[in-house]
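Remember, predicted model here, so these are calculated numbers, not experimental data. Numbers for residues simply follow the sequence, beginning at 1. Just follow the structure's listing: the first ligand is 1, and inside any ligand the first atom is 1.
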Amino acid sequence: MTPINADLHCHSTTSDGTLTPEELAARARANGVELWALTDHDEVGGQQRAMAAAQAQGMGYLTGVEISVTFADETVHIVGLGFDPESSDLVEGLVDTRDGRGPRAREMSEQLAKVGIEGAYEGALKYVGNPRLISRTHFARFLVESGVCRDTGDVFRRYLTEGKPGFVPHRWAKLGDAVRWITGAGGMAVIAHPARYKFTPTEEYALFTEFKALGGRGVEVVTGSHTAQEAVRYAGMAREFGLAASRGSDFHSPGESHIDLGRLPPLPADLTPVWTVLQERVH
Ligand code: AMP
Ligand code: MN
Ligand code: MN
Ligand code: MN
């Protein structure tokens with residue numbers, strides 16, 4: 001039996017993607033996606049549109065979100081799938097998580113001004129639908145369009161990351177809160193792109209152990225942010241910790257993302273896909 005083509009991680013204009021939920025749904029369908037989730041950063045405002053668009057395209061839909069968390073002084077992303085998007089604990093938790101973005105963005109802009117890049121806050125704002133969701137991606141678009149950097153990779157190598165101008169350390173949600181908001185709303189919490197964090201082996205072990213103890217149940221194994229070797233490594237972690245496995249492109253934009261919607265290798269056959277566990281939550 002061929003596995004279904006599920007893509008459970010991507011971003012729309014509601015957060016830092018450049019396509020609308022409807023454009024993403026059409027693109028996903030054209031690429032053969034059968035089960036889809038839109039996972040905007042810290043925001044569920046696009047969920048109704050995404051669900052309607054998925055239905056119009058004949059795809060299954062799981063509600064989605066990607067929550068920014070601080071764990072061991074590092075930013076970790078927790079994807080939520082199959083939750084009730086109207087849960088007040090979740091919605092209020094996300095409002096609090098988003099609240100820090102405005103002041104952080106102004107500080108980022110001040111730092112960039114000190115190295116000669118003026119007007120970055122105003123510049124980044126032009127790329128954001130909702131100013132409360134201003135992110136490093138929007139600054140990256142400004143830095144590329146204004147000719148300061150060649151592409152987004154160049155931006156994150158030279159600016160906006162630890163030790164570089166424009167990096168402002170930030171406290172996001174607590175791991176326990178993010179997992180509780182998702183599971184309390186009937187959904188499943190999933191560790192996003194685990195290979196992207198700069199953890200020591202001990203810290204990574206602590207993340208998986210605490211996540212599991214808090215009720216987290218899944219990990220992204222096949223993602224646009226993992227190499228083939230990293231997928232093998234986190235398939236091993238899924239087995240070791242008894243976690244279901246997820247698959248998602250993390251698609252943001254046709255010009256910026258290397259991996260398109262639905263264009264990913266399958267999950268290793270022995271793992272339990274998150275969508276098997278979430279069958280009853282598929283719309
Ligand atoms: P923020 O939530 O404001 O810290 O922004 C994080 C977002 O920046 C991520 O969701 C990615 O979309 C983008 N990002 C972070 N690091 C990189 C990178 N090295 N290359 C491209 N995009 C990145
Ligand atoms: Mn992003
Ligand atoms: Mn992420
Ligand atoms: Mn993402």
Heavy-atom nearest pair, S135 first then D16, reads OG-CB, 3.6 Å
E203, CD: over 12 other non-hydrogen atoms inside 6.0 angstrom: yes
Does the Lys NZ or Arg CZ of R106 fall within the cation-pi geometry relative to Y121 - under 6.0 Å from the ring centre and within 45° of the axis? yes
Ligand 1 polar-atom proximity to protein (N/O, under 3.5 Å):
from	atom 1	to	atom 2	distance (Å)
ligand 1	2 (O)	R101	NH1	3.3
ligand 1	2 (O)	R101	NH2	3.0
ligand 1	3 (O)	R101	NH1	3.0
ligand 1	3 (O)	R104	NH1	2.8
ligand 1	3 (O)	R104	NH2	3.4
ligand 1	3 (O)	R136	N	2.8
ligand 1	4 (O)	R104	NH2	2.7
ligand 1	4 (O)	R136	NE	2.8
ligand 1	4 (O)	R136	NH2	3.2
ligand 1	8 (O)	T137	OG1	3.2
ligand 1	10 (O)	H41	NE2	2.8
ligand 1	12 (O)	D16	OD2	3.1
ligand 1	12 (O)	T137	OG1	3.2
ligand 1	12 (O)	H252	NE2	2.9

Quick check on the 6.0 Å ring-centre criterion: do H226 and Y234 meet it? yes
Using the ring centroid of each side chain, check whether F156 and F139 are separated by less than 6.0 Å. no
Given N31, V222, N5, the one that forms side-chain contact (heavy atoms from CB on, under 4.5 Å) with L264: V222
Around the Mn ion (ligand 2), what protein N, O or S atoms are found below 2.8 Å? D16 OD2, H41 NE2, H252 NE2
Pairing residues for E43 by the salt bridge (charged side-chain N to carboxylate O under 4.0 Å, His left out) criterion, not counting sequence neighbours: R98
Considering residues, nucleotides and ligands other than R101, do more than 12 of their heavy atoms fall under 6.0 Å from its CZ? yes
Is there side-chain contact between E220 and V190, with at least one heavy-atom pair below 4.5 Å? yes
Looking only at N, O or S atoms, which one in H77 sits nearest to the Mn ion (ligand 3)? ND1
Can you name the residues that form a side chain to side chain donor-acceptor pair (under 3.5 Å) with E74, not counting sequence neighbours? none
